[in-house]
Amino acid sequence: MRSGGRDDADVIVVGAGPAGSSTAHWCASAGLDVLLLDKASFPRDKVCGDGLTPRAVGELARMGVGTRQEDGWIRNEGLRVVAGARSWELPWPDLDSFPGYGMARSRMSLDHRLAQHAQASGAKLLERTKVTRPLLDERDGRVVGVRAQALDAQGRADGAETVYRAPVVVAADGVSSRFATALGNTRRDDRPLGTAVRTYFRTSSDDGATSRHEDAWMESHLELWDGASGASNLLPGYGWIFALGDGTANVGLGAVSSTPARQSATGHDYRAMLQAWLRNTPPEWGFTAENQVGPVRGAALPMGFNRSPLYADGAVLVGDAAGMVSPFNGEGIAYALQAGRVAADAIAQARTRATDDARERTLGSYADRMRADLGGYYTLGRWFVRLIEHPQIMRICVRHGLPRPVVMRFVLKLLSDCYEPRGGDWVDRVIAGLTRVVPAA
Ligand SMILES: Cc1cc2nc3c(=O)[nH]c(=O)nc-3n(C[C@H](O)[C@H](O)[C@H](O)COP(=O)(O)OP(=O)(O)OC[C@H]3O[C@@H](n4cnc5c(N)ncnc54)[C@H](O)[C@@H]3O)c2cc1C
């Protein structure tokens, strides 16, 4: 970060998903001039399960995003784990550090809400503005802004490219992060990668279906059976049904591998797997072609900090651009929101430093803080993925481990990253202790 010069903003944020809108909100709240650019116009769809754990709800509360039920937010009280004919309901833990409930909201609506929230905090949002590449200082290669292309309603280039300058640019442009890639910060091949597909179903009672659109539990299926061919087959992967409370449910499945190479080697056809699983769901749920809303869409889940460094030479990486999805459960929204908050704090603090060196060190503290908070947890997550990518191990754990209440409590806290980092009960202390003794990812 350098002072002076003719900048268009104090900080430019590329991408207005949860990571970008959170960064923009927190930077604007600290009094910075923020330019938030997104190639889409809101509301826009984003492939996701739409599930928000208590960790994500806690971040929304910090941001001051209203989540009243009368405004269309649906709450859930825990996780229902289904494995074959058995199921267990695991309430979210009662903790000081997180709310006692989760939520779900379609990304079409959630992301629009978050972008509006950033605007209300003072950020300037430019929609249909695609960042084409970083702008570099000719002398030292430092990022000093972006080149951007305005798009028309069909997504075609509209006019000439524009240059926007700022002393710090935040890459919040999602899993592919063309911005980070253009800076040579490519995806690491030693981190887990998930792939998942999802669609929506109308499932209100008016359709004659047993409604799955209102459910006090986020439902996770550990065994997916394809019974269509007569002989039932166990499909690789895990499924979910997340009630959205608006007459629809988000239904999807995915799988995770310990490295991108192993993930592509599986060669799974996730769309076909979803169809096979859905054919085998109870007819009263109404998961039929007639009730399907929108296509089946899929995307990758970048996990365990699969891009690093998180800060270098004027560019900060947040959310999926930095591969912040949890290897334990595929959750990325909470971490995207958290990264935006921590990055904004470092950016605001850096402005108070008198020298270039001190400003650089302060910006770099963002990476240190994220690593200190999540590095150990992500390392455990990488080991977890190495275990569960062997279906036999997973089945033994489900059969013999999960039914024990103490194991269940431990698993819920570990997988949802909802434990007291300091204090708490012995489960909290074991998890927190483990995250501290393992090397940070
Ligand atoms: C199938 C699936 C299910 C999932 N389920 C869940 C779940 O239930 N709960 C959960 O917490 N997480 C879930 N995740 C993960 C979650 O979706 C991501 O972690 C989260 O969206 C990350 O937010 P982000 O802001 O970093 O990126 P994104 O949400 O991808 O936002 C990136 C933004 O950048 C914009 N952009 C991209 N390129 C440019 C450019 N060149 N110029 C301008 N703008 C640009 C895009 O338009 C977009 O708005 C799931 C992911 C998948 C694929």
Side-chain angles (χ1 to χ4, degrees), residues 12-24 35-53 55-57 59-60 102-108 110-112 114-115 125-134 146-151 155 164 169-182 193-199 218 220 237-242 244 250-256 270 274 296-303 307 317-326 329-340 343 416-417:
I12 292 173
V13 183
V14 183
S21 288
S22 167
T23 314
L35 205 48
L36 175 61
L37 313 176
D38 202 291
K39 64 182 181 182
S41 69
F42 292 87
R44 61 102 181 87
D45 193 19
K46 155 77 179 87
V47 186
C48 188
D50 305 334
L52 300 165
T53 62
R55 204 180 168 86
V57 177
E59 288 293 339
L60 293 174
M103 291 192 299
R105 187 160 186 134
S106 80
R107 292 292 298 275
M108 182 82 93
L110 175 74
D111 289 18
H112 192 198
L114 294 177
L125 171 67
L126 295 186
E127 300 174 67
R128 282 201 223 129
T129 305
K130 180 180 181 173
V131 170
T132 53
R133 62 199 146 113
V146 302
R147 286 183 187 280
Q149 173 66 62
L151 304 176
Y164 297 105
V169 177
V170 179
D173 50 345
V175 56
S176 308
S177 191
R178 301 257 148 75
F179 196 87
T181 308
L193 191 74
T195 306
V197 295
R198 68 94 172 99
T199 188
M218 294 171 85
S220 172
Y238 314 101
W240 70 81
I241 302 169
F242 293 164
L244 292 176
N250 180 317
V251 184
L253 61 77
V256 56
Y270 292 98
L274 182 65
V296 174
R297 294 184 63 205
L301 294 100
M303 297 172 165
R307 270 185 226 259
L317 270 52
V318 291
D320 276 12
M324 289 185 177
V325 173
S326 165
N329 67 358
E331 174 185 16
I333 298 170
Y335 304 105
L337 297 173
Q338 175 183 348
S416 64
D417 199 1

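The shown structure was predicted, so the numbers you read here are calculated from the model rather than taken from an experiment. Note that ligands are numbered from 1 as they come in the structure, with each ligand's atoms numbered from 1 the same way.
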Considering only heavy atoms of [X], which atoms of ligand 1 have at least one such atom less than 4.0 Å away?
X: Val325; value: 19 (O)
X: Gly319; value: 26 (O)
X: Gly51; value: 7 (C), 8 (O), 9 (N), 10 (C), 11 (O)
X: Ala299; value: 53 (C)
X: Lys130; value: 41 (N), 42 (N)
X: Gly17; value: 25 (O), 31 (O), 33 (C), 49 (O)
X: Glu331; value: 10 (C), 11 (O), 12 (N)

For ligand 1, indicate whether the residue [X] contacts it via side chain, backbone, both or neither (heavy-atom separation under 4.0 Å).
X: Ala172; answer: backbone
X: Met324; answer: neither
X: Phe242; answer: side chain
X: Asp50; answer: backbone
X: Lys46; answer: side chain
X: Leu52; answer: neither
X: Asp38; answer: both

Please write down residue, atom name and distance for the protein heavy atom closest to [atom].
atom: atom 23 (O) of ligand 1; value: Pro18 CD, 3.6 Å
atom: atom 3 (C) of ligand 1; value: Gly49 N, 3.1 Å
atom: atom 25 (O) of ligand 1; value: Ala19 N, 2.9 Å
atom: atom 38 (N) of ligand 1; value: Asp173 CB, 3.6 Å
atom: atom 34 (O) of ligand 1; value: Gly15 CA, 3.3 Å
atom: atom 12 (N) of ligand 1; value: Gly332 N, 3.0 Å
atom: atom 17 (O) of ligand 1; value: Arg107 NH1, 3.1 Å
atom: atom 6 (C) of ligand 1; value: Cys48 SG, 3.3 Å

For Phe179, which residues count as a ring pair (Phe, Tyr, Trp, His ring centres under 6.0 Å) partner, sequence neighbours excluded? none
From Met303 CE over to Glu331 CD, what is the distance, rounded to the nearest 0.5 angstrom? 11.0 Å
What distance do Leu193 atom CG and Leu301 atom CG have between them, rounded to the nearest 0.5 Å? 7.5 Å
Under a 3.5 Å distance rule, please check whether [X] uses its side chain to pair with a backbone N or O of [Y] as donor and acceptor.
X: Asn250; Y: Cys48; answer: yes
X: Asp45; Y: Met108; answer: no
X: Glu127; Y: Phe42; answer: yes

Just to check, does Gly254 reach to within less than 4.0 Å of ligand 1 when the distance is taken from its heavy atoms? no
Within-shell test, Arg297 vs ligand 1, heavy atom, strictly < 4.0 Å: no
Of the listed options (Asp320, Leu301, Ile333), which comes nearest to atom 11 (O) of ligand 1 when hydrogens are ignored and any heavy atom counts? Ile333
Looking only at distance, does [X] have an N or O less than 3.5 Å from an N or O of ligand 1?
X: Lys39; result: yes
X: Val131; result: yes
X: Gly20; result: no

Using the side chain to side chain donor-acceptor pair (under 3.5 Å) criterion, which residues pair with Thr181? Sequence neighbours excluded. Arg307
Considering residues, nucleotides and ligands other than Arg44, do more than 12 of their heavy atoms fall under 6.0 Å from its CZ? yes
Looking only at heavy atoms, what is the nearest atom pair of Met218 and Gly51, with distance? CE-CA, 3.4 Å
Mind listing the closest non-hydrogen atom pair of Val175 and Asp320 along with its distance? N-CB, 3.5 Å
